[in-house]
Amino acid sequence: MSETANIDWANLPFGYMPSDYNVRVYYRNGKWGEIEVSSSDTINIHMAATCLHYGQEAFEGLKAFRCPDGKVRVFRMEENAKRLQNTCRGVMMAELPTDIFCEMVKKVISLNTHLIPPYETGAALYVRPLLIGTGPQVGVRPADEYLCLMFVCPVGPYFKGGFNTNNYMIVREYDRAAPLGTGTFKVGGNYAASLRANHLAHERGYAGEFYLDAKEKKYIDECGAANFFGIKNNTYITPKSSSVLPSITNKTLQQLALDLGMKVECRPIPEEELATFEEAGGCGTAAVISPIGKIDDVAEGKSYVISKDGKPGPISTRLYNLYRGIQYGTEPDTHGWVTILDL
């Protein structure tokens, strides 16, 4: 069993930590096999596997929480299954059925329950599904064999400061994904394409990079690897783009905004509209909401100050607390988003 006595739960990084077990399932001869349990943290694949040569690879990320009532809750795993299936369709991989996906999530958590952080720490158990093409090809074509595996690791906040404002820098010389390309799919190549811009932003003292649309450089696209939202006039506004990954967190926040009596708009957002937002943030599984302090357009010599006092805004704070409350079972789960595990 993994050593847990020495884990500093309250100061966990958002990073990899070994676990005892992972789960795997193989696709061969046109069908998925049985779920297997493994204690190895490596995989053995063919050197001509399509994941290595042609990017047939997809991943997901979701969390499980130890809650005040002692139960373990998993948040919206069916949505992760659907998004993984959509990515598989996008890059021509075998789709993993939702029932197998959910069974794997439950199993990998149950095998590593000692790694679920205690409630008081604010940390969570991160579940990482990975689906790759393992069949060998030299020509550019889909594989005939696939592997889906899931591993877990306890994680702390994505940003060291937790729920506090962060500053971003607009980058114009790099694009994360092209319109009508793979931006709407959760494939590793999109993240590889963001590494250089992210490194540049960090070098200049920013929390991350901020992307405009790749075609015209006029409209807001993404906030680093997260979706963007802005708030003004009691309206939650998020970009409509053909190169942005559909965030489950963003989808959830839109519903919560409606629940709070707000309006929701999904539409193109020109860069200059940044000056009109009362609040703004990036949103995703890792941080839920990362409130934005300011966004600098260095190339154009502009600075959009979103948070005048440097603190998260009241609506972002309310949405964040409601979201987290549902995850931890302290707020009503009126939409049936949570799965309670009998552990």
Side-chain angles (χ1 to χ4, degrees), residues 1-23 37-39 41 59-80 101-130 149-164 166 226 248-249 252-253 256 283-291 312 316-343:
M1 180 176 287
S2 298
E3 180 61 51
T4 59
N6 296 323
I7 294 178
D8 185 0
W9 296 113
N11 295 293
L12 280 172
F14 193 94
Y16 178 77
M17 179 181 293
S19 59
D20 287 345
Y21 302 104
N22 55 81
V23 295
V37 176
S38 174
S39 58
D41 56 5
F59 71 99
E60 280 294 328
L62 61 158
K63 289 179 176 178
F65 305 87
R66 178 73 69 183
C67 302
D69 60 7
K71 297 177 181 178
V72 174
R73 287 172 170 82
V74 186
F75 193 71
R76 306 206 72 176
M77 63 178 171
E78 293 87 357
E79 286 296 318
N80 288 95
F101 182 97
C102 293
E103 186 180 349
M104 291 178 74
V105 171
K106 295 174 183 177
K107 194 169 190 68
V108 75
I109 294 171
S110 66
L111 289 167
N112 297 283
T113 53
H114 58 289
L115 290 178
I116 303 174
Y119 167 69
E120 313 80 46
T121 63
L125 187 71
Y126 186 78
V127 183
R128 169 55 60 86
L130 173 69
L149 64 83
M150 294 187 191
F151 64 87
V152 300
C153 51
V155 295
Y158 190 74
F159 293 101
K160 291 181 180 179
F163 187 67
N164 289 305
N166 290 289
I248 296 167
T249 305
T252 303
L253 289 171
L256 293 179
C283 59
T285 299
V288 180
I289 292 176
S290 172
S316 296
T317 301
R318 191 176 179 189
L319 286 169
Y320 176 82
N321 288 336
L322 180 56
Y323 195 110
R324 296 281 282 167
I326 296 170
Q327 289 179 322
Y328 281 108
T330 58
E331 293 282 353
D333 178 25
T334 59
H335 297 285
W337 289 333
V338 169
T339 300
I340 300 176
L341 303 186
D342 185 20
L343 300 175

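Just the heavy atoms: all of them, side chains too, but no hydrogens, waters or symmetry mates, feed the values below.
Between the CE atom in Met104 and the CE atom in Met77 there is a gap of 12.5 Å [rounded to 0.5 Å]. Interatomic distance, CZ of Arg324 versus CG of Leu319, reported as 14.0 Å (0.5 Å rounding). The distance from the SG atom of Cys67 to the CD1 atom of Ile116 is 9.5 Å, given to the nearest 0.5 Å. Between atom OH of residue Tyr119 and atom OG1 of residue Thr121 there is a gap of 10.0 Å, rounded to the nearest 0.5 Å. Once rounded to the nearest 0.5 Å, the distance linking NZ of Lys107 with CG of Leu111 reads 5.5 Å. Distance check: Arg76 CZ to Ile248 CD1 gives 7.5 Å after rounding to the nearest 0.5 Å.
Checking side-chain atoms of Thr330 against main-chain N and O of Gly325 turns up a donor-acceptor pair under 3.5 Å. Checking side-chain atoms of Asp20 against main-chain N and O of Ser39 turns up no donor-acceptor pair under 3.5 Å. A donor-acceptor contact shorter than 3.5 Å links the side chain of Asn112 to the backbone of Val108. For Lys63 (side chain) and Thr285 (main-chain N/O), a donor-acceptor pair under 3.5 Å exists by modelled atom type.
Contact between Lys71 and Asp69 at its shortest, heavy atoms only, is N-OD1, 3.0 Å. Of all the heavy atoms in Lys106 and Leu341, the pair that sits closest is CG-CD2, 3.7 Å. When all heavy atoms of Tyr328 and Pro68 are compared, the pair lying nearest together is O-CD, 3.2 Å. Minimum interatomic distance between Ser316 and Ile289 (heavy atoms only, all atoms of both residues): O-CD1, 3.7 Å. Shown here for Thr249 and Cys283, the closest heavy-atom pair between the two residues is CG2-CB, 4.0 Å. Looking at every heavy atom in both residues, Asn164 comes nearest to Pro312 through CA-CG, 4.1 Å.
In this structure, Met150 and Val105 have side chains that are in contact, with non-hydrogen atoms separated by less than 4.5 Å. Side chains of Asp333 and Arg73 form no contact here, defined as non-hydrogen atoms less than 4.5 Å apart. Looking at Ile326 and Leu256, their side chains come closer than 4.5 Å, going by heavy atoms from C-beta outward. Looking at heavy atoms from C-beta onward, Thr252 lies in side-chain contact with Trp337 at the 4.5 angstrom threshold. Side-chain atoms of Thr113 and Val72, non-hydrogen and from C-beta on, never get closer than 4.5 Å to each other. Side-chain contact between Phe151 and Asp41: absent, with no pair of heavy atoms (C-beta onward) separated by less than 4.5 Å. Contact of the Pro117 side chain with the Leu12 side chain is registered, since non-hydrogen atoms from C-beta on lie closer than 4.5 Å.
Not less than 6.0 angstrom separates the ring centroid of Phe75 from the ring centroid of Phe65.
Residues meeting the side chain to side chain contact (heavy atoms under 4.5 Å, CB included) test with Phe59, sequence neighbours left out: Glu57, Arg128, Leu130, Lys186, Tyr191. Taking the side chain to side chain donor-acceptor pair (under 3.5 Å) definition, one finds that Glu78 meets it with nothing, sequence neighbours left out.
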Exercise for the section: Applying side chain to side chain contact (heavy atoms under 4.5 Å, CB included), run through Phe163 and Val288 and close with a yes or a no. Expected result: CA-CA 9 Å; Phe163 187 67; Val288 180; over 6 Å; no

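Within a 6.0 Å radius of CD in Glu331, other residues, nucleotides and ligands contribute more than 12 heavy atoms. Within a 6.0 Å radius of CZ in Phe14, other residues, nucleotides and ligands contribute more than 12 heavy atoms.
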